[in-house]
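Below you'll find the structure, written out as structure tokens, and then a few comments.
Note: hydrogens, waters and symmetry copies are ignored here, and every other heavy atom, side chains too, is used.
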Amino acid sequence: QVLYEDCRMVAVNAPYVAGFLAFREVPFLAEAVQRLKKKSPSSNLSAQEITFLFWLFQVLFVDGNGLLHPRGFGVACHLGVLTDLPCIGVAKNLLQVDGLIRDELHKEQIRSLQREGDAFPLTGTSGRVLGMVLRSNSKSSRPLYVSVGHRVCLETAVRLVKSCCRYRIPEPIRQADIRSREYIRKQLCSPLEVISSGPERKKEAEPDDESDARRNCRAPLH
């Protein structure tokens with residue numbers, strides 16, 4: 001059950017640089033968390049209800065990577081540090097770092113994941129375990145790449161992701177994708193309010209992981 005959602009249409013001014021996605025998107029995500037902390041996002045919610053919602057808001061699922069990153073500090077780490085909330089990176093594809101590549105050995109390991117909940121560690125050439133490859137649903141053989149973002153261990157991260165999967169993608173991320181696409185569809189039929197990511201705010205005017213277009217940033221809470 002979705003208890004809270006927050007949608008904004010934003011203009012991303014920072015250029016896309018591989019490995020630095022957080023600098024484009026995390027400011028908007030952190031602001032969404034702060035809005036939930038500071039005020040009621042809806043006239044239908046009382047201050048007490050918002051306080052209760054934030055008490056429930058104990059972990060963030062991020063559509064991206066955490067420690068599984070060229071610099072060991074992906075978008076899930078960045079958001080976690082700024083908000084001081086536990087964060088988990090959940091990626092749909094393997095980010096090839098520290099010698100990890102999608103070769104035949106990796107594909108064979110994926111084929112070995114026969115049951116829902118099966119997983120194996122991603123160990124780089126450095127010897128560090130950077131994440132886990134998880135088969136999250138029995139009806140999909142395509143795995144998820146789970147990594148630590150902030151204030152959570154890998155074992156707990158995998159357990160939480162598994163517990164939130166009705167389908168392949170965990171529900172907080174899946175619902176955010178569905179609802180954000182619907183929000184964009186509705187906004188395209190009416191004048192847009194766009195928030196700038198630059199130092200000066202412009203006047204109001206699954207999403208892909210790394211779109212160069214305007215981003216719809218949301219903070220769903222389950």
Side-chain angles (χ1 to χ4, degrees), residues 12 14-29 59-82 86-162 164-165 167-170 172-174 176-177 180 206-213 215 217:
V12 179
Y16 170 71
V17 180
F20 293 89
L21 181 63
F23 291 93
R24 281 168 58 87
E25 301 183 3
V26 165
F28 299 114
L29 300 175
V59 63
L60 299 174
F61 281 24
V62 179
D63 188 355
N65 292 289
L67 297 181
L68 182 58
H69 183 269
R71 293 166 186 82
F73 200 83
V75 62
C77 299
H78 199 132
L79 181 61
V81 169
L82 290 182
C87 272
I88 299 170
V90 184
K92 303 178 187 71
N93 300 294
L94 175 65
L95 187 60
Q96 301 187 50
V97 299
D98 195 13
L100 296 172
I101 58 174
R102 191 174 171 80
D103 57 8
E104 283 305 314
L105 175 59
H106 184 75
K107 293 177 182 178
E108 180 60 32
Q109 289 177 307
I110 289 175
R111 287 191 289 268
S112 73
L113 304 177
Q114 296 296 313
R115 298 189 303 266
E116 179 178 315
D118 284 353
F120 65 85
L122 284 168
T123 305
T125 55
S126 65
R128 296 180 59 206
V129 176
L130 301 178
M132 292 285 284
V133 182
L134 170 68
R135 179 165 181 167
S136 57
N137 189 273
S138 60
K139 296 182 179 179
S140 175
S141 60
R142 297 173 62 197
L144 297 175
Y145 296 87
V146 181
S147 58
V148 169
H150 185 60
R151 290 181 56 190
V152 64
C153 69
L154 185 57
E155 180 183 358
T156 298
V158 172
R159 177 172 57 82
L160 289 174
V161 170
K162 286 194 295 186
C164 290
C165 287
Y167 303 96
R168 179 194 174 215
I169 308 300
I173 293 176
R174 178 174 171 272
D177 184 59
S180 61
E206 30 294 150
D208 293 332
D209 288 347
E210 296 179 344
S211 170
D212 286 330
R215 305 283 301 190
C217 295

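At least one side-chain heavy atom of I169 sits under 4.5 Å from a side-chain heavy atom of L144. Here the side chains of P170 and S136 are not in contact, with every heavy-atom distance at 4.5 Å or above. Contact annotation: the side chain of H106 approaches that of V133 to within less than 4.5 Å [non-hydrogen atoms, C-beta and beyond]. You'll find the side chain of F23 stays beyond 4.5 Å of the side chain of V17, heavy atoms only.
Here the straight-line distance linking atom CG of L60 with atom SG of C87 works out to 4.0 Å at 0.5 Å rounding. Atom OH in Y167 sits 9.0 Å away from atom CG in N137 (nearest 0.5 Å). Going from atom CG of L134 over to atom CZ of R159 covers 13.0 Å, rounded to the nearest 0.5 Å. One distance of note links CD1 of I173 with NZ of K92; it measures 6.5 Å at 0.5 Å rounding. Note: S112 OG to K107 NZ = 15.0 Å, rounded to the nearest 0.5 Å.
Minimum heavy-atom separation, L68 to Y145: CD2-CB, 4.2 Å. Residues R102 and L94 come closest through the heavy atom pair N-CD2, 3.9 Å. Across all their heavy atoms, I88 and A157 have their closest contact at CD1-CA, 3.7 Å. Across L95 and H69, no two heavy atoms sit closer than the pair CD2-CA, 3.9 Å. L100 approaches L130 most closely through the heavy-atom pair CD1-CD1, 4.0 Å. Nearest heavy atoms, A91 versus N65: CB-OD1, 3.5 Å.
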Quiz: residues 113-122 side-chain donor-acceptor pairs under 3.5 angstrom, not counting sequence neighbours:
| from | atom 1 | to | atom 2 | distance (Å) |
| --- | --- | --- | --- | --- |
| Q114 | NE2 | R111 | O | 2.5 |
| E116 | OE1 | S138 | N | 3.2 |
| D118 | OD2 | Q114 | N | 3.2 |
| D118 | OD2 | R115 | N | 2.9 |

With a cut-off of 3.5 Å and sequence neighbours excluded, list every side-chain donor-acceptor pair involving residues 73-82.
none

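Of the possible donor and acceptor atoms, none in the side chain of R128 sits under 3.5 Å from a partner among the backbone N and O of T123. Judged purely by atom type and a 3.5 angstrom limit, D98 uses its side chain to pair as donor or acceptor with the backbone of S126. In this structure, S147 contributes its side chain and G66 its backbone to a donor-acceptor pair below 3.5 Å.
Residues meeting the salt bridge (Lys or Arg N to Asp or Glu O under 4.0 Å) test with R142, sequence neighbours left out: none.
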